[in-house]
Amino acid sequence: MDKLLVSGPSKLAGKVSISRAKNAYLPILAAVILSDKPIHLVNIPDLQDIKTMIKLLTMLGVDVSVNGNVTTFNAKNLKSHEATYDLVKTMRASIFVLGPLLARLNKAKVSLPGGCAIGTRPIDIHLENLEKMGARIELEAGYVEAHVDQFKPVHITLSFPSVGATENLMMAAVFTKGETIIENAALEPEIDDLANFLNAMGAKVSGIGTSKLHVHGVDSLKEVTYEAIGDRIEASTYLMAAIATNSEIEITDVNPEHLDFVIDTLKKMGAKIETADKTIKVFKHEKLKGCNIDTAPFPGFPTDAQAQLLALCCVIDAGSIVTENIFENRFMHVPELVRLGADIKLKGNTAFISGGRPLKSAPVMCTDLRASAALIIAALAATGETEIQRIYHLDRGYEKLEQKLIGLGANVRRVKGN
Ligand code: UD1
């Protein structure tokens with residue numbers, strides 16, 4: 001297994017270009033199944049989760065070809081409606097194919113994802129609403145087996161604004177005659193991006209950017225070229241790395257409005273940040289204050305940036321409180337940060353960070369994607385060479401991580417494992 005050696009304390013400088021968002025491209029890739037026309041996607045990030053989704057698409061019969069930074073998908077000749085356990089267990093987002101398969105083939109067999117490191121993550125909101133739309137669903141030997149004769153245009157209200165359920169249901173409704181209304185829809189920018197992509201394909205989704213989405217059924221879709229939004233979580237990670245090391249950097253190719261809450265939080269803590277169109281500049285700060293932050297659905301503070309914030313809080317000379325409200329088990333970075341010298345107490349879903357304790361290198365282990373990002377931030381700020389093991393978690397979500405960090409002047413080295 002590869003590991004990363006990070007020498008600190010680092011000073012970062014220069015520019016970093018943000019990749020297209022993994023969490024935007026995963027549902028967009030699933031939406032490819034809806035169309036029998038070619039779909040050209042630009043700058044798909046080279047990440048393990050994306051590779052897994054493309055593998056799943058090829059197993060379903062989607063033709064995939066690459067030409068430079070454009071990947072063309074053609075789902076004209078789908079040959080399967082099954083997403084197997086082997087693939088789904090490695091990536092929960094495989095569940096996104098459920099809605100599109102039902103819309104296109106009237107049937108789908110998708111393995112239940114099971115638990116994952118950050119919690120049990122059920123899919124009940126996906127399933128109960130697909131049923132309200134007219135699907136017949138059975139759970140059989142670890143698989144969701146779903147059939148539909150014709151989806152009905154219904155008005156559904158989600159019990160929680162689940163990102164994945166909103167995306168699955170929106171895709172399922174694309175061909176439904178009449179108007180499907182999804183209320184209490186998630187507001188994350190990746191939802192808008194999926195809706196914009198579907199509309200570019202010829203679908204009719206309105207209410208974009210609100211919690212009430214309207215999907216008017218269309219008969220067919222057309223050829224399209226599309227590029228997804230920049231990755232707001234990758235951008236948040238570099239932003240916090242720069243602040244944790246009191247560095248000046250410029251983060252480009254991301255919409256700063258997608259990070260409003262994160263940027264506001266960091267400014268209130270004393271960080272010096274300026275934003276312009278697709279650019280975020282971080283300047284050196286005088287002294288940082290602690291924070292008291294709760295994660296929440298968008299536009300609140302993202303759970304996917306909680307671990308990175310917590311790492312930043314460790315290097316501030318003040319106390320902070322961070323509460324995780326989205327996932328039940330998303331503090332696995334805490335014991336690893338403690339190994340680096342942090343003083344953090346956990347009580348239920350709240351972390352109390354004393355701050356002001358100098359971080360010192362130690363061998364640490366990645367446990368999930370964003371927990372790993374927290375370790376990178378802490379290692380950049382810590383004194384000495386930190387060995388970060390199990391970085392395959394990082395390869396799921398951070399494109400060209402070492403190249404980007406080295407480009408910013410960090411002393412980072414990947415050691416190849418077996
Ligand atoms: C997506 C993101 C993930 C992010 C999360 C919250 C992708 C590929 N992943 O995950 O990075 O952390 O949004 O911003 O885009 N829930 C249920 N029943 C359901 C669905 C969800 O109880 O049917 C619960 C989950 O267990 C969790 C909460 O709702 O506690 C949020 O989940 P959801 O918004 O669905 O997240 P994902 O789409 O899985």
Side-chain angles (χ1 to χ4, degrees), residues 20-31 45 47-50 52-53 56 88 90-99 110 112-132 137 139 144 156-172 182 184-195 197 211 228-229 231-234 236-237 258-259 261-262 294-309 323-333 349 368-374 393-394 396-398:
R20 302 305 86 201
K22 161 182 93 77
N23 284 356
Y25 260 136
L26 287 171
I28 288 173
L29 283 166
L47 296 171
Q48 195 51 48
D49 276 5
I50 296 285
T52 307
M53 184 58 99
L56 171 54
V88 179
T90 61
M91 190 191 61
R92 281 183 50 83
S94 318
I95 195 69
F96 289 150
V97 300
L98 183 58
V110 178
L112 280 166
C116 79
I118 60 175
T120 49
R121 299 183 80 170
I123 52 164
D124 53 319
I125 305 171
H126 302 238
L127 301 186
E128 73 189 29
N129 288 293
L130 284 170
E131 278 180 329
K132 284 183 191 153
I137 294 178
L139 300 182
V144 178
I156 51 184
T157 302
L158 308 190
S159 56
F160 178 86
S162 153
V163 174
T166 305
E167 292 166 340
N168 227 337
L169 299 167
M170 185 168 36
M171 293 189 278
I182 306 170
N184 199 25
L187 292 167
E188 271 67 4
E190 294 76 18
I191 306 274
D192 300 0
D193 207 32
L194 175 63
F197 169 68
S211 58
I229 54 172
D231 192 320
R232 65 194 165 99
I233 304 300
E234 188 196 15
S236 304
T237 304
H258 295 165
L259 286 81
F261 206 107
V262 172
D294 287 30
T295 62
F298 194 85
F301 194 93
T303 174
D304 284 352
Q306 176 261 104
Q308 300 89 315
L309 176 70
T323 302
E324 171 58 46
N325 288 322
I326 307 295
F327 292 107
E328 73 258 37
N329 190 24
R330 204 166 201 181
F331 278 129
M332 283 179 306
H333 38 291
N349 60 339
D368 72 56
L369 173 55
R370 307 304 170 184
S372 321
H393 287 288
L394 280 165
R396 285 185 42 224
Y398 287 90

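When a ligand or atom number is given, it counts from 1 through the structure's own listing order. Both backbone and side-chain heavy atoms feed into the values below; hydrogens, waters and symmetry mates do not.
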Distance-only N or O hit between ligand 1 and [X], under 3.5 Å:
{"X": "Lys22", "value": "no"}
{"X": "Leu26", "value": "no"}
{"X": "Glu167", "value": "no"}
{"X": "Ala93", "value": "no"}

Which one holds for [X] and ligand 1: side chain close, backbone close, both close, or neither close, with close meaning a heavy atom under 4.0 Å?
{"X": "Leu127", "answer": "neither"}
{"X": "Thr303", "answer": "side chain"}
{"X": "Asp304", "answer": "side chain"}
{"X": "Phe160", "answer": "side chain"}

Within this structure, what is the [atom1]-[atom2] distance for the pair [X] and [Y], rounded to the nearest 0.5 Å?
{"X": "Asn184", "Y": "Ser162", "atom1": "CG", "atom2": "OG", "result": "10.0 Å"}
{"X": "Met53", "Y": "Leu26", "atom1": "CE", "atom2": "CG", "result": "5.0 Å"}
{"X": "Glu131", "Y": "Ile156", "atom1": "CD", "atom2": "CD1", "result": "12.0 Å"}
{"X": "Glu188", "Y": "Leu194", "atom1": "CD", "atom2": "CG", "result": "12.5 Å"}
{"X": "Phe197", "Y": "Met171", "atom1": "CZ", "atom2": "CE", "result": "10.0 Å"}

Next on the checklist: Any heavy atom of Glu128 closer to ligand 1 than 4.0 angstrom?
Outcome noted: no
Checklist entry - Taking the non-hydrogen atoms of Ala165, is any one of them nearer than 4.0 angstrom to ligand 1? => result no
For ligand 1, which atoms, with element, lie under 4.0 Å from some heavy atom of [X]?
{"X": "Gly164", "result": "35 (O), 38 (O)"}
{"X": "His126", "result": "23 (O)"}
{"X": "Arg330", "result": "12 (O)"}
{"X": "Val163", "result": "1 (C), 13 (O), 33 (P), 34 (O), 35 (O), 38 (O)"}

Checklist outcome for this item: Which of Asn349, Asp304, Asp368 passes side-chain hydrogen bond (donor to acceptor under 3.5 Å, both in side chains) with Arg330? Answer is Asp304
Checklist entry - So among Asn129, Asp124, Ile123, Ile125, which one has a side chain to side chain contact (heavy atoms under 4.5 Å, CB included) with Leu127? => result Ile123
Item to check | Heavy-atom proximity to atom 20 (C) of ligand 1, best of Pro122, Ala24, Pro302, Ser159 | outcome: Pro122
Next on the checklist: List the residues meeting side chain to side chain contact (heavy atoms under 4.5 Å, CB included) with Leu369, not counting sequence neighbours, and say none if there are none.
Outcome noted: Lys22, Arg396, Tyr398
Checklist entry - Got Pro189 and Arg232 here, is their nearest side-chain heavy-atom distance under 4.5 Å? => result yes
Checklist entry - So, does Asn168 use its side chain to make a donor-acceptor pair with the main chain of Ile95 at under 3.5 Å? => result yes
